[in-house]
Amino acid sequence: MKIIVDDRIPFIRGEIERLADEVIYLPGASIGREDVRDADILVVRTRTHCNRELLEGSSVGFIVTATIGYDHIDTEYCDGAGIKWTNCPGCNARSVCQYVSNVLQLLKADLEGCTVGVVGVGHVGSLVARLAAKSGCRLLLNDPPLEESGKGYGDGGCFASLDEICEKADIITFHTPLTRTGKYPTFHLADRLFFSKLARRPIIINASRGGVVDEAALKDAIRQGTVSHAAIDTWENEPRIDSELLDMVDVATPHVAGYSANGKLNATLMSLKAVRDYIVSKGLSGTDLQSVEFNISLPDAPFLSAETLAEDCSLLKENSDGFECFRGNYPVRIEVPSLI
């Protein structure tokens with residue numbers, strides 16, 4: 001049993017070795033065809049593009065991405081090739097929610113009586129909505145698939161169209177996956193038409209996926225004053241981000257909103273359990289792995305805060321070329337447990 005692991009996944013060393021004969025750690029962006037040719041399982045992050053080019057002709061049967069997002073996995077190809085895959089939904093939802101809270105603190109946003117538009121009400125968006133409701137804000141929620149499901153949403157929020165959010169929201173925060181097909185694609189969901197409809201000069205926050213916001217349109221909206229403030233954590237064309245936009249936004253971070261130690265620990269635990277369960281289900285081990293438990297605990301570390309966010313922003317604004325380095329060496333910080 002051979003497993004290839006992104007060498008930036010924390011807490012995993014010494015644990016995943018309990019499941020396999022051979023574990024190889026490699027930088028995620030450099031994992032190539034020769035590396036995976038005789039591998040059985042890949043444990044990756046967003047920097048490894050799991051597609052035909054990488055996987056065709058390999059022995060890979062299972063891919064785990066230790067992230068919420070999975071647009072770096074060509075799911076159509078994998079499904080057709082019989083390669084199982086999974087992500088880690090909700091692993092860092094609280095971390096991203098705290099990022100949104102810290103952005104608003106850093107911008108000194110006046111939440112009293114304001115209207116918050118939450119676009120995407122999944123694991124992250126639902127926590128952001130709960131936090132906004134707790135702060136006394138009016139909630140407008142946009143999530144067409146959830147609305148169509150009939151499940152509804154509590155905490156005083158109501159479903160709204162993007163047009164209504166553009167008209168009424170003082171803060172608009174995005175928490176959707178990045179999709180280009182299907183009934184409700186999210187690629188460039190916030191496009192020029194979206195920004196042209198903004199009525200209240202809102203704060204725009206994107207901590208979802210880079211392509212959800214059309215960055216050229218956002219720059220024009222900032223220039224025209226239709227957006228009062230912007231905070232961007234996820235960028236188009238990472239790690240080669242738009243330096244002009246970097247200078248224009250108020251808060252800029254290198255895709256680290258979900259990088260709390262808590263979120264990373266959750267993702268690693270979910271990944272380890274997924275690998276264990278896959279091996280057991282396929283009968284690929286001669287030992288009893290079902291009873292294997294993983295011993296990982298949080299380190300002592302500073303809490304996430306508006307101050308740590310300001311530090312992250314300053315580092316990136318001073319050196320945009322350091323995007324990947326900042327992201328790969330993000331300081332250990334933990335979530336504030338009482339926030340939500």
Side-chain angles (χ1 to χ4, degrees), residues 1-92 177-180 209-210 234 238-239 255-256 258-259 263-287 289-290 292 294 296 324 327-330:
M1 174 66 60
K2 180 177 180 179
I3 304 178
I4 304 293
V5 181
D6 183 311
D7 65 1
R8 290 294 185 178
I9 296 175
F11 308 116
I12 202 167
R13 292 176 188 264
E15 295 294 330
I16 199 165
E17 284 81 0
R18 298 164 66 191
L19 303 176
D21 305 306
E22 184 178 6
V23 179
I24 306 295
Y25 294 91
L26 295 169
S30 67
I31 295 174
R33 287 177 64 91
E34 279 304 304
D35 301 313
V36 308
R37 183 176 54 80
D38 60 346
D40 300 288
I41 297 172
L42 305 182
V43 184
V44 300
R45 298 184 307 150
T46 57
R47 291 300 182 253
T48 305
H49 296 284
C50 300
N51 50 24
R52 181 188 296 274
E53 182 180 355
L54 178 70
L55 300 166
E56 190 169 42
S58 75
S59 57
V60 173
F62 188 46
I63 299 168
V64 181
T65 181
T67 59
I68 292 178
Y70 55 88
D71 50 279
H72 54 293
I73 298 177
D74 185 338
T75 58
E76 185 175 354
Y77 170 75
C78 289
D79 293 344
I83 300 172
K84 302 292 185 183
W85 62 273
T86 190
N87 62 326
C88 297
C91 62
N92 59 4
L178 178 62
T179 58
R180 296 173 182 266
R209 306 297 286 175
T234 51
E238 293 179 11
H255 201 153
V256 293
Y259 266 34
K264 292 179 177 181
L265 184 148
N266 291 339
T268 296
L269 278 176
M270 292 169 76
S271 299
L272 287 167
K273 290 174 182 178
V275 170
R276 179 197 63 194
D277 293 347
Y278 172 78
I279 294 172
V280 169
S281 71
K282 295 294 184 180
L284 299 176
S285 174
T287 59
L289 296 182
Q290 190 62 62
V292 171
F294 304 103
I296 307 175
E324 202 74 344
R327 190 169 188 252
N329 297 282
Y330 188 70

Shortest non-hydrogen contact between [X] and [Y], atoms and distance:
X   : Y    : result
R8  : N329 : NH1-OD1, 3.5 Å
I68 : N92  : CD1-OD1, 2.6 Å
I9  : I12  : O-CG2, 3.4 Å
C91 : M270 : CB-SD, 3.8 Å
T86 : A274 : CG2-CB, 3.9 Å
C78 : I73  : SG-CG2, 4.0 Å

Checklist outcome for this item: ring pair (Phe, Tyr, Trp, His ring centres under 6.0 Å) pairs touching residues 30-75, sequence neighbours excluded, are F62-Y278, Y70-W85

Item to check | ring pair (Phe, Tyr, Trp, His ring centres under 6.0 Å) contacts in which one or both residues fall within residues 3-39, not counting sequence neighbours | outcome: none

Got a sec, which residues hit side chain to side chain contact (heavy atoms under 4.5 Å, CB included) with [X], two or more places apart in sequence or on another chain?
X   : result
A29 : R47
E22 : K2, I24
D21 : M1

Next on the checklist: Please list all pairs meeting side chain to side chain donor-acceptor pair (under 3.5 Å) that have one or both residues in residues 263-277, counting only residues at least two apart or in different chains.
Outcome noted: none

Applying salt bridge (Lys or Arg N to Asp or Glu O under 4.0 Å), can you list everything that pairs with [X], at least two apart in sequence or on another chain?
X   : answer
R33 : none
R13 : none
D79 : none

Going by heavy atoms in the side chains, are [X] and [Y] under 4.5 Å from each other?
X    : Y    : answer
T48  : I4   : no
L269 : I296 : yes
V64  : V44  : no
I279 : I41  : yes
I3   : L42  : no

Item to check | Counterpart residues, side-chain hydrogen bond (donor to acceptor under 3.5 Å, both in side chains), relative to D6 (two or more places apart) | outcome: R45

Next on the checklist: Going by side-chain hydrogen bond (donor to acceptor under 3.5 Å, both in side chains), name the residues that satisfy it together with T234, two or more places apart in sequence or in a different chain.
Outcome noted: N206

Checklist entry - Where do L26 and D7 land on the side-chain contact (heavy atoms from CB on, under 4.5 Å) test, with the steps shown first? => result CA-CA 5 Å; L26 295 169; D7 65 1; 5.9 Å; no

Next on the checklist: For a side-chain contact (heavy atoms from CB on, under 4.5 Å) check, start with the C-alpha distance between V292 and L272, then their side-chain angles and the critical distance, and finish with the verdict.
Outcome noted: CA-CA 10 Å; V292 171; L272 287 167; over 6 Å; no

Next on the checklist: Whether the side chain of N87 engages the backbone of G69 through a donor-acceptor N/O pair (distance < 3.5 Å, no angle test) should be reported.
Outcome noted: no

Checklist outcome for this item: Residues pairing under salt bridge (charged side-chain N to carboxylate O under 4.0 Å, His left out) where one sits in residues 55-77, two or more places apart or in two chains, turn out to be R52-E56, D71-R209

Next on the checklist: Within this structure, what is the OG-CG distance for the pair S281 and L289, rounded to the nearest 0.5 Å?
Outcome noted: 11.0 Å

Checklist entry - Would T46 and R327 count as a side-chain contact (heavy atoms from CB on, under 4.5 Å) if you check the C-alpha gap in whole Å, the side-chain angles of each, and the deciding distance to 0.1 Å? => result CA-CA 12 Å; T46 57; R327 190 169 188 252; 3.6 Å; yes

Next on the checklist: How about CD on E53, more than 12 heavy atoms from neighbouring residues, nucleotides or ligands closer than 6.0 Å, or not?
Outcome noted: no

